[in-house]
Participant: 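So that we are looking at the same thing, I have put the structure below in structure tokens.
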Amino acid sequence: MIKKIKGTNDVIEDLYIWEWVEEKFRNVAKNLGFLEIRTPIFEATELFNRSVGTDTDIVQKEMYTFEDKGGRSITLRPEGTASVMRAFVEHSLDSKGLPQKFFYIGSMFRYERPQAGRLRQFHQYGVELIGSPLPIADAMVILMATESLKAIGLSNFKLKINSTGCEKCRPRYKEALREYYKPILAKLCDDCQTRYDKNILRLLDCKRDVEYAKSAPNIIDYLCDDCKSHFEGVRRLLDTLGLEYEIDPSIVRGLDYYTRTVFEIKYPSLGAQDAILGGGRYDHLVEELGGKPTPSVGFAAGMERIMIALKAENKLPSPPIPDVYVVTVSEGQRPHALKISRELSKTFSVDVDLMGRKLKSQFKNASKEGARYVLVVGEDEIKSGTYTLKDMSNGNQMKLSLEDVMKHLEKTL
RNA sequence: GUGGCUGUAGCUCAACUGGUAGAGCGUCGGACUGUGGAUCCGAAUGUCGCGGGUUCAAGCCCCGCCAGCCACCCCA
């Protein structure tokens, strides 16, 4: 048997949940003036090297990269922001005026070992607000994040924010961290030893050496005046909106392009992979991709993790059921039943037996599928032009003309 | 990439210290030849994850691979 590739998933019975969630997210985004965008699922490898950063784990070991038949290096997108920004630059969308506001829902690919809440092909809902340097842009994006989660009924999530400063203040902070950790380096775990050289910020969210991280220098104290007032501006707006958040100095995002604001939404009961959404500001990404300086903010949310959270909170929508199940008594009525099904399906969701089962089994089937009504098309019905409509919730039956059947369904469904 | 646990019917799981595969649920049918959700009866379906080894004999033991789950790393 050919089986699906490791770390991929078939969504079959649960698809209606996905559709429902996506609809809610689209609504939130569209009502705030964001335009849905679909970019290619693969891009030139160079795009991700430039945007995500050559030193990041994503680029170094997690990308699905291959050469196409023309000898080009192609990569399955590991995240969505790079493509949206590329499209923004490629189509000179700044000429349409700023800001430009986009959202997307789609597949991302990362070659990682699968575990709870982590797949190799996964899906993200993401938002990009391009062109505004102001704190209100950060606040808008964070608001969209929380509103989206609330729109699907989630409540047990925690918003955490931080600032990673800019090219002026971040080096100063890194230096301070190096000085702090240098004398105790030998006491740290093996991973932290390598993190010290590779990416010192990562020492802050090590799961083992938490004690040392607690008393480490806090980036907030090292922010330059501009970054500090920007961060305070964002906080004031979040306070105005009444959003609860925690300032968490250990939030260090794994992509190189972040500047200033970074944030995460955690769903603590999910297990090790408890971040359902992450984002921040990336003020230099457009320049990096060859456009004019265009400060931007955005986030990406993990659809699969959101699905797990939804199930945990028991906030699932109800599954789709047929409104009417059309049933025949014998073979001769099948053509008639098919025609009636066509009429009914213009307004209602209809199911009809396609297996040639006998009447009783058709009823069983209708019941199993949760059909609200069964319409019997038998010899008598065809002769008289009045059909037997049975309400499966209480067993009541009545004989109605097709027109009256339609009316009755419209009234009661 | 590393580590732990797991892999028997569509699903959940059983099979004593190795003796050659079973139950419940589900599916389909019948009891009930124009009526469901209850009950009863019956039927079908397994390369026992794959490959190799040990043995008279392997679902069970050994090795390798693959897959799943969980964790590390990292992230959504």
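Residue numbers begin at 1 in each chain, while the letters A, B, ... track the order of the sequences. No experiment lies behind these values; they were computed from the predicted model shown.
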Participant: Show the distances under 3.5 angstrom between N or O atoms of the protein and N or O atoms of nucleotides 28-33 of chain B.
Facilitator:
{"unit_1": "B:G30", "atom_1": "OP1", "unit_2": "A:Lys358", "atom_2": "NZ", "d": "3.1"}
{"unit_1": "B:G30", "atom_1": "OP2", "unit_2": "A:Lys358", "atom_2": "NZ", "d": "3.1"}
{"unit_1": "B:C32", "atom_1": "O2", "unit_2": "A:Lys360", "atom_2": "NZ", "d": "2.6"}

Participant: Will you find, in the side chains of A:Thr75 and A:Thr65, an N or O donor that is under 3.5 Å from an N or O acceptor?
Facilitator: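 Note: A:Thr75 and A:Thr65 side chains meet the donor-acceptor criterion.
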Participant: Once you round it to whole Å, what is the distance between C1' of B:A76 and CG of A:Leu149?
Facilitator: 12 Å
Participant: Which donor-acceptor pairs under 3.5 Å do the side chains of residues 404-413 of chain A make with protein atoms, sequence neighbours left out?
Facilitator:
{"unit_1": "A:Asp404", "atom_1": "OD2", "unit_2": "A:Ser401", "atom_2": "OG", "d": "3.4"}
{"unit_1": "A:Thr412", "atom_1": "OG1", "unit_2": "A:Tyr373", "atom_2": "OH", "d": "2.7"}
{"unit_1": "A:Thr412", "atom_1": "OG1", "unit_2": "A:His408", "atom_2": "O", "d": "2.8"}

Participant: Mind checking side chain to side chain donor-acceptor pair (under 3.5 Å) for A:Ser51 and listing every partner two or more places apart, or none if nothing turns up?
Facilitator: none
Participant: Rounding to a whole Å, what distance do you find between A:Arg195:CZ and B:C74:C1'?
Facilitator: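 Spelled out: CZ on A:Arg195 to C1' on B:C74 is 9 Å.
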Participant: Yes or no on side chain to side chain donor-acceptor pair (under 3.5 Å) for A:Gln121 and A:Thr8, after CA distance, side-chain angles and deciding distance?
Facilitator: CA-CA 5 Å; A:Gln121 178 178 188; A:Thr8 64; 5.8 Å; no
Participant: Run A:Tyr258 and A:His284 through side chain to side chain donor-acceptor pair (under 3.5 Å) and show every step you take.
Facilitator: CA-CA 8 Å; A:Tyr258 285 112; A:His284 306 300; over 6 Å; no
Participant: Has the side chain of A:Gln397 got a donor or acceptor that lies under 3.5 Å from a partner of the other kind on the base of B:U35?
Facilitator: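 Under the 3.5 Å cut-off, the side chain and the base do form a donor-acceptor pair.
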Participant: Looking at every strand, decide which applies to A:Glu264 at a 4.0 Å heavy-atom threshold: base, sugar-phosphate, or nothing.
Facilitator: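 Contact class for A:Glu264: none.
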Participant: Looking only at atom P, what distance separates B:U47 and B:A57, rounded to whole Å?
Facilitator: 24 Å
Participant: Using atom C1' of each nucleotide, how far apart are B:A58 and B:C50 to the nearest Å?
Facilitator: 16 Å
Participant: Looking for any heavy atom pair under 4.0 Å, which part of the strands does A:Ala300 touch: base, sugar-phosphate only, or nothing?
Facilitator: sugar-phosphate
Participant: Taking side-chain contact (heavy atoms from CB on, under 4.5 Å) as the definition, give me every residue that meets it alongside A:Asn49, ordered by chain and number, with sequence neighbours left out.
Facilitator: A:Thr45, A:Glu46, A:Val59, A:Met63
Participant: What is the distance, to the nearest angstrom, from the CG atom on A:Asp55 to the P atom on B:C75?
Facilitator: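 Whole-Å distance recorded here is 13 Å.
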Participant: With respect to the side chain of A:Ala272, which nucleotide from B:G37, B:A71, B:A76 is positioned closest?
Facilitator: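 My answer, after comparing the listed nucleotides, is B:A71.
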Participant: Whole Å only: how far is the CG atom of A:Asp274 from the P atom of B:C74?
Facilitator: 14 Å
Participant: Quick one: do A:Tyr222 and A:Arg170 satisfy side-chain contact (heavy atoms from CB on, under 4.5 Å)? Show the steps, please.
Facilitator: CA-CA 8 Å; A:Tyr222 288 80; A:Arg170 197 171 349 184; over 6 Å; no
Participant: Among the candidates B:G34, B:C72, B:C75, find the nucleotide nearest to the side-chain atoms of A:Asp380.
Facilitator: B:G34
Participant: With C1' as the reference atom in both, quote the distance from B:A31 to B:G10 in angstrom, rounded to an integer.
Facilitator: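 After rounding to an integer number of Å, I get 26 Å for this pair.
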Participant: Quick one: is B:C73 close enough that its OP1 or OP2 comes under 4.0 Å of any side-chain N or O from A:Arg118?
Facilitator: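 Answer is no, no contact under 4.0 Å.
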Participant: Can you sort out the partners of A:Asp191 under side chain to side chain donor-acceptor pair (under 3.5 Å), two or more places apart, ordered by chain and number?
Facilitator: A:Arg208
Participant: Return the polar atom pairs (N/O with N/O) between nucleotides 65-69 of chain B and the protein under 3.5 Å, or none.
Facilitator:
{"unit_1": "B:G68", "atom_1": "OP1", "unit_2": "A:Gly7", "atom_2": "N", "d": "3.3"}

Participant: What residues in residues 388-396 of chain A put a non-hydrogen atom under 4.0 Å from any atom of RNA chain B?
Facilitator: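 A:Thr388, A:Lys390, A:Met392, A:Gly395 - these, ordered by number, are the residues of the stretch whose heavy atoms sit under 4.0 Å from the strand.
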Participant: Mind checking the P distance from B:C11 to B:A71? Whole angstroms is fine.
Facilitator: 24 Å
Participant: Compute the centroid of each ring, for A:Tyr125 and then for A:Phe25, and state whether the two points are separated by less than 6.0 Å.
Facilitator: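 When the ring centroids of A:Tyr125 and A:Phe25 are compared, they turn out to be within the sub-6.0 Å range.
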Participant: Sequence neighbours excluded, which residues qualify as side chain to side chain donor-acceptor pair (under 3.5 Å) partners of A:Lys61?
Facilitator: A:Asp57
Participant: Quick check on RNA chain B: between A:Leu359 and A:Lys266, whose nearest nucleotide comes earlier from the 5' end?
Facilitator: A:Leu359
Participant: Quick one: does A:Glu381 reach the base of B:G34 with a side-chain donor-acceptor pair under 3.5 Å?
Facilitator: yes
Participant: List the residues meeting side-chain contact (heavy atoms from CB on, under 4.5 Å) with A:Thr388, not counting sequence neighbours, and say none if there are none.
Facilitator: A:Val376, A:Glu381, A:Gln397, A:Lys399
Participant: For B:C73 and B:G1, measure between their C1' atoms and round to the nearest Å.
Facilitator: 9 Å
Participant: Hey, which of A:Asp351, A:Asp323, A:Asp391 is the one that makes salt bridge (charged side-chain N to carboxylate O under 4.0 Å, His left out) with A:Arg372?
Facilitator: A:Asp391
Participant: Suppose you measure atom P in B:G52 against the same atom in B:U20; what distance do you get, rounded to whole Å?
Facilitator: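 My reading of the P atoms in B:G52 and B:U20 gives 23 Å.
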Participant: Does a nitrogen or oxygen in the side chain of A:Arg372 sit under 4.0 Å from OP1 or OP2 of B:G37?
Facilitator: no
Participant: Quick test of your reading: applying side-chain hydrogen bond (donor to acceptor under 3.5 Å, both in side chains), list the pairs with at least one residue in residues 172-181 of chain A, sequence neighbours left out, ordered by first then second residue.
Facilitator: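 Output for this query lists A:Glu175-A:Arg178, A:Tyr180-A:Ser215.
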Participant: Taking atom C1' in both B:C74 and B:U2, what distance in whole Å separates the two?
Facilitator: 13 Å
Participant: Using the P atom on both, measure B:G26 against B:G34 and round to a whole Å.
Facilitator: 27 Å
Participant: B:C73 P sits how many Å from A:Lys61 NZ, rounded?
Facilitator: 10 Å
Participant: Taking side chain to side chain donor-acceptor pair (under 3.5 Å) as the definition, give me every residue that meets it alongside A:Glu62, ordered by chain and number, with sequence neighbours left out.
Facilitator: none
Participant: Taking the six-membered ring of A:Tyr111, is the NZ or CZ of A:Arg120 close enough (under 6.0 Å from the centre) and on axis enough (within 45°)?
Facilitator: yes
Participant: For RNA chain B, which consecutive runs of 3 or more Watson-Crick or G-U pairs (each distance under 3.5 Å) count as stems?
Facilitator: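 So far as stems of 3 or more pairs are concerned, RNA chain B shows B:1-7 with B:66-72, B:10-13 with B:22-25, B:27-31 with B:39-43, B:49-53 with B:61-65.
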Participant: Is the count of non-hydrogen atoms from other residues, nucleotides or ligands lying under 6.0 Å from A:Lys182 atom NZ greater than 12?
Facilitator: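 Check fails, neighbour count at 12 or below.
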Participant: Could you tell me whether A:Glu304 contacts a base, only the sugar-phosphate backbone, or nothing, with contacts defined as non-hydrogen atoms closer than 4.0 Å?
Facilitator: nothing
